[in-house]
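Read through the structure below, which is laid out as structure tokens, and then see the notes.
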Amino acid sequence: MPRQDTSTTDTRAAHKVTLVGAVLDSILGVAKMIVGYAVGSAALVADGIHSFSDVATDAFVLAATHFGRQAPDHDHPYGHGRIETLGTLLLGSILIFVAGGIAWASLSRLIEGVAIAPPGPWAIALAVVALAGKEWIFRYTLRVARRIGSRLLEANAWHSRSDALSTVVVLVGLVGAQFGIEWLDAVAAIAVGLLVGHIGTSLLWDASRELIDTALPEDEQRGMRSLAQRVPGVRSVHKLRTRTLGGQVLLDLHLVVAPRVTVSEAHEIGNQVSRELCREYPRLADVTFHIDPQDDSNAPPPVKLSGLPLRADIEAALERAWGDMPVWQRRIALDLHYLDNRVDVSLYIPLGERHDLDTQARELRQAGEGLEWLGWLRIWQGPGKA
């Protein structure tokens, strides 16, 4: 399936599961708050507020998945995945804010010793139904999130799980209040606030790590490096770097190949590495490879090096040094290989000529002694470059 079609299908799946969750959260939120106010249960009211916070975050998830899964454009060549990351940050912030409000109000009520009547079987039954509903939407959302590779949707699934856990705590408080342990309801509400705050903090931490381009775990990087090295033609891999973007992974790496292979062959080796990696790691959205003729992992950045002359300057320098030599005048092709901070020169002359190539190479070497960048020098009889 083409990438664009897959992205559209994934977005629809994310919207569907989020809308289902929003409807469920709305129904549960209204029911919890009505029953909570009716029976005087702070824990049940707090749990209802938590459910409404789920509705708000569901709306953010819908917007973020819609815009975050759009294809790259001129202004966003790497795509819009950071929108999902920002959505996760906002989701975590909302959760922490809600958690603080719930915990503060419940703590005040506990200190003041506000008495509540037994909640009754209807409140307890509602908590049981809410627990079952939130656990179901958690599993449904998590399954879709992992299938489409959405970190934001997975975070929303765990948000639903936090609501299910808070409902467990509320249920304990309601049962305690039913049997006369009134303070247990306020303690349960405080525990709900702490649970919500923990989830919010975790979301903020994960999204912040993504924003500062934190690498994948070391074991995943080792696996990618090992897989790339097994591709025929790859001698070694270095400077492997990873980062995440809206739940997807971007990978940069340097591939060392034989120094004298053609550009097209080296590029196809890199293409095969990309195919193998994307097949093994579905979260990989982009692989950028750099072909190296030798391991330059310990070399300083190219901008800090003086650099070697390019072809036009090399041909001009060789013309000045070898211009009056017959073998240079008869050349049909010139290949350059940049290795070990030198330039190896391969000179091609027509087939069938009866000349001592070694002698001519020594003469060229002597004439080019002043060229500090000149490395190996070879003369070949043959067609040269295509």
Side-chain angles (χ1 to χ4, degrees), residues 225 228-241 252-276 287-386:
R225 182 178 289 105
Q229 288 177 334
R230 292 198 298 270
V231 174
V234 176
R235 292 188 170 183
S236 65
V237 176
H238 61 274
K239 293 185 179 178
L240 186 147
R241 299 181 298 177
D252 302 330
L253 74 167
H254 286 219
L255 305 172
V256 180
V257 301
R260 299 182 188 279
V261 300
T262 62
V263 173
S264 59
E265 182 182 356
H267 185 72
E268 185 56 29
I269 291 172
N271 287 339
Q272 185 61 29
V273 169
S274 299
R275 286 188 287 267
E276 295 285 346
V287 178
T288 301
F289 59 84
H290 176 83
I291 298 296
D292 282 335
Q294 59 193 25
D295 191 339
D296 62 354
S297 55
N298 296 319
V303 294
K304 295 184 177 181
L305 297 174
S306 58
L308 294 167
L310 298 181
R311 176 173 287 271
D313 294 330
I314 289 176
E315 289 184 342
L318 295 179
E319 179 64 31
R320 290 192 295 270
W322 299 343
D324 58 349
M325 303 182 70
V327 66
W328 172 253
Q329 297 170 356
R330 297 196 309 274
R331 73 187 185 281
I332 58 176
L334 180 70
D335 279 353
L336 306 177
H337 300 275
Y338 291 75
L339 299 168
D340 298 322
N341 206 33
R342 299 273 184 166
V343 182
D344 293 353
V345 175
S346 292
L347 195 66
Y348 290 86
I349 61 176
L351 287 168
E353 294 192 3
R354 297 178 178 274
H355 298 283
D356 186 347
L357 300 184
D358 290 336
T359 299
Q360 293 182 94
R362 281 195 299 270
E363 293 174 352
L364 291 175
R365 167 63 67 182
Q366 291 173 358
E369 285 182 350
L371 304 174
E372 297 180 354
W373 44 262
L374 185 61
W376 286 95
L377 173 63
R378 296 176 175 85
I379 302 177
W380 306 90
Q381 284 188 324
K385 296 185 298 183

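Being a predicted model, the structure only gives us computed values, none of them experimental.
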*Would you name the heavy atoms of Asp313 and Pro309 that are closest together and state the gap between them?*
CB-CB, 4.0 Å
_Atom pair CZ/CD of Arg230 and Glu276 - distance to nearest 0.5 Å_ = 8.5 Å
*Could you tell me whether a side-chain N or O of Trp322 sits under 3.5 Å from a main-chain N or O of Leu364, the two making a donor and an acceptor?*
yes
*Closest contact, heavy atoms only, Ala361 versus Leu377*: O-CD2, 3.5 Å
*To the nearest 0.5 Å, how far apart are CD1 in Ile314 and CG in Leu371?*
9.5 Å
*asked:* If you apply the rule side-chain contact (heavy atoms from CB on, under 4.5 Å), what do you find for Arg311 with Leu334, and how did you get there?
replied: CA-CA 10 Å; Arg311 176 173 287 271; Leu334 180 70; 4.0 Å; yes
*Mind listing the closest non-hydrogen atom pair of Val273 and Leu255 along with its distance?*
CG2-CD1, 3.8 Å
*Please tell me if the side chains of Phe289 and Asn271 come closer than 4.5 Å, counting only heavy atoms from C-beta onward.*
yes
*Out of curiosity, Gln294 CD to Tyr338 OH, how far, rounded to the nearest 0.5 Å?*
13.0 Å
_To the closest 0.5 Å, what do you measure between CD (Gln360) and CD1 (Ile349)?_
5.5 Å
_Can you list everything that forms a salt bridge (Lys or Arg N to Asp or Glu O under 4.0 Å) with Arg365? Sequence neighbours excluded, please._
none
_Quick check: closest heavy atoms across Thr359 and Asp356, and the distance to 0.1 Å?_
OG1-OD2, 2.7 Å
*Nearest atoms (heavy-atom pairs only) where His337 meets Asp335*: NE2-CB, 4.1 Å
*asked:* Measuring only between side-chain heavy atoms, which start at C-beta, is Asp292 closer than 4.5 Å to His238?
replied: yes
*Of all residues at least two apart in sequence or in a different chain, which pass the salt bridge (Lys or Arg N to Asp or Glu O under 4.0 Å) check with Asp252?*
Arg241
*Closest approach of Val237 to Ala228 (non-hydrogen atoms, all atoms of both residues)*: CG2-CB, 3.8 Å
*Apply the test side-chain contact (heavy atoms from CB on, under 4.5 Å) to residues Leu374 and Val343: give CA-CA distance (whole Å), side-chain angles for both, the deciding distance (0.1 Å), then the verdict.*
CA-CA 5 Å; Leu374 185 61; Val343 182; 5.8 Å; no
*Do the side chains of Val327 and Leu357 get nearer than 4.5 Å, heavy atoms only?*
no
*What's the spacing between Arg362 CZ and Ile379 CD1 if we round to 0.5 Å?*
10.5 Å
*Do the non-hydrogen side-chain atoms of Arg235 and Pro259 ever get within less than 4.5 Å of each other?*
yes
*Nearest 0.5 Å please: distance from the CD atom of Gln381 over to the CG atom of Leu351.*
6.0 Å
_For Arg260, is there an ion pair with Asp344 - N to carboxylate O distance below 4.0 angstrom?_
yes
*Summary of side-chain hydrogen bond (donor to acceptor under 3.5 Å, both in side chains) pairs that have at least one residue in residues 368-379, sequence neighbours excluded*: none
